[in-house]
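Take a look at the structure below.
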Amino acid sequence: MAKHKLLAGLVLGGAAVAAYHALDLEQREALKDACRERVNALKDRAVDYAFYAADAADDFKESLNDHLAAKTDAPAWQTLNDDDTADDADDDIVLKSAEVADLNDNAAGDDEASDDTVDPTDDTSDSDAD
């Protein structure tokens with residue numbers, strides 16, 4: 001099937017070249033001018049659509065910024081300045097091994113202190129007192 005398409009393309013291309021060479025000089029120039037006009041029209045349309053897309057993107061950005069500025073609880077990335085966070089040494093999340101061990105001990109202690117669940121192996125329940 002692909003061989004047939006290739007053969008058809010070669011035949012049609014050869015016919016187009018033969019028809020072009022059969023034209024006289026004025027007809028060739030008229031054909032070239034018509035092709036140039038169509039290509040220029042397509043270029044202009046493509047540029048117009050690119051400008052439309054850029055305008056739409058700018059309008060979207062403006063409306064999004066207006067919407068975010070109207071919110072009282074703006075996200076942190078919008079309210080922070082880059083200069084403030086770049087100079088802070090407290091922003092580093094580098095812990096020493098002793099600090100990590102302390103964090104693990106504190107987390108384990110918090111879990112035991114807030115554990116209000118009933119132990120199923122506990123024998124001193126209200127049902128045994130009856």
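What you see below is based on every heavy atom in this structure, not just the backbone, and it leaves out hydrogens, waters and symmetry mates.
Listed by first and then second residue, the salt bridge (charged side-chain N to carboxylate O under 4.0 Å, His left out) pairs involving residues 33-43 are Asp33-Arg36 (not counting sequence neighbours).
Residues Tyr20, Leu31 make up the rest of the hydrophobic cluster containing Leu23, defined by ILVMFWY side-chain heavy atoms closer than 4.5 Å, directly or through other members. Here Phe51 sits in one hydrophobic cluster together with Val47; the rule is ILVMFWY side chains under 4.5 Å apart, joined directly or through other members. Tyr52 belongs to a hydrophobic cluster whose other members, connected by ILVMFWY side-chain contacts under 4.5 Å either directly or through intermediates, are Tyr49.
A distance of 9.5 Å separates CG of Leu68 from OG of Ser63, quoted to the nearest 0.5 Å. Rounded to the nearest 0.5 Å, atoms CG (Asn65) and NZ (Lys61) are 9.0 Å apart.
For Asp48, there are no salt bridge (charged side-chain N to carboxylate O under 4.0 Å, His left out) partners two or more places apart in sequence or in a different chain. Annotation: side chain to side chain contact (heavy atoms under 4.5 Å, CB included) contacts of His21 (sequence neighbours excluded): Val17, Arg28.
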